[in-house]
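Just so you know, residue 1 is the first one in the sequence shown, and it goes up from there. In this text, all values refer to a predicted model and were calculated from it rather than measured experimentally. Remember, it's 1-based here, ligands and their atoms both numbered in the order they're listed.
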Amino acid sequence: MNKRDLLNFTDVSRVEMQAIFGLARELKRKQKQGIRHELLRGKGMALVFEKPSLRTRVSFEVGMAQLGGYAVFLGPTEIGMGSRETPADCARNLARWVDIITVRTFSEKVIEEMAEYASIPVINALTDLYHPCQVLADCLTLIEHKGKLDGLKIAFVGDGNNMVHSWIEAAEKLPISFAMACPKGYEPKAEIVSQARQNGAQVAVTHSVEEAVHGADAIYTDVWASMGQEMEAQRRAKTFRDYQLNQRVVAMAKTDAVVMHCLPAHRGEEITDDVLESPQCIAFDQAENRLHVQKAVMVWLLNGFKSSKAKGLKGRK
Ligand code: CP
Ligand code: NVA
């Protein structure tokens, strides 16, 4: 069976990414105009979440409902992944009841095992290593604000974490360049950087904020301690002190640069309150676009792109 998953961007082509953005824009327009677009009528999705969430959970659940399907949420205390049940068995059970599984977990091993054993598509809703749905929503938001992705420089200030890994993978497929500034010891994984560079991505990793942000069209940041790293939060707060996204850093970028954050934000840590609240900041547009881009991803994985046209995005009122 030829099912597809979205675990990261390795197997996603540039053409598919562009098609996701196109479909997401179309679905967003339909939704804003109140035009029905139930492309997944009667389809079910299981949301398996081993970490907290606001944006991802709500946008997937609401998105599936708008597409005419339904979602079943399984939170951190429910399945007992790896203790009560193996990821493989969990996936094989879910595949008998629903059509798609969306997973937020810690290790790649869990989500890879689920994808291997599930006969249905599996979507990565954040792991320690990647957050592909967020980066797709971010790219859609950049297209809306900048008119195109071509030639944009994205500068990331902070930790070489899951957000950064997905951005680096995206830079392999999309016509953007990516530069990050982080403290020593907090660089993104070397194998992800080298793989992307081998495939032609323009990726720079530096310890100088000024170097990374110079000439940037977008400046991005994320929490210094990700979910699962709470014990390190105090130590990281000291280490990352010089990597805060504040007005001084914003001034290093292009004058029309936008400020981005995947949220949740820790105001006064990785980003100052005034920068997060400034008109340059598009963080809430990014959050909104999680809904539209994930709807496009679900339609793609369940129907393919051709059938989404055939199945009538022409839709009824
Ligand atoms: N950005 C994001 O994924 O938010 P949540 O953790 O709230 O889902
Ligand atoms: N790097 C953060 C992203 C949250 C959306 C985390 O993993 O907690």
Approximate separation, where rounding is to 0.5 Å, of R236 CZ and M231 CE: 13.0 Å
Under 3.5 Å donor-acceptor, Q244 side chain and E270 backbone: no
Under-4.0 Å heavy-atom contact with ligand 2, by part of D159 that carries it: neither
Salt bridge K32-E288, side-chain N to carboxylate O under 4.0 Å: yes
Residues K189, E191: salt bridge by 4.0 Å N-O rule: no
Nitrogen or oxygen of N162 less than 3.5 angstrom from that of ligand 2: yes
Residue that, paired with Y130, satisfies side-chain contact (heavy atoms from CB on, under 4.5 Å) out of I168, I192, L6: I192
Residue Y117 excluded, over 12 heavy atoms near OH under 6.0 Å: no
Nitrogen or oxygen of K51 less than 3.5 angstrom from that of ligand 2: no
Nearest heavy-atom neighbours spanning T10 and K173: O-NZ, 3.2 Å
Structural part of D128 in contact with ligand 2, heavy atom criterion under 4.0 angstrom: neither
Under 4.0 Å to a heavy atom of L263 - the qualifying atoms of ligand 2, by number: 5 (C)
Distance under 6.0 Å and angle within 45° of ring axis: R57 vs F49: no
Per-atom contacts, ligand 2 versus L126 - under 4.0 Å to a heavy atom: 3 (C), 4 (C), 5 (C), 7 (O)
Nitrogen or oxygen atoms of M227 and ligand 2 under 3.5 Å apart: yes
Point-to-point distance, once rounded to the nearest 0.5 Å, from NZ of K146 to OG1 of T141: 13.0 Å
Y186/Y243 aromatic ring centres below 6.0 Å: no
Atom 3 (C) of ligand 2: nearest protein contact (heavy atom, Å): D222 OD2, 3.5 Å
Residues lining ligand 1 [heavy-atom distance under 4.0 Å, listed by chain and residue number]: S53, L54, R55, T56, R104, H131, Q134, C262, L263, R290
Polar proximity ligand 2 side, H131 side, N/O cut 3.5 Å exclusive: no
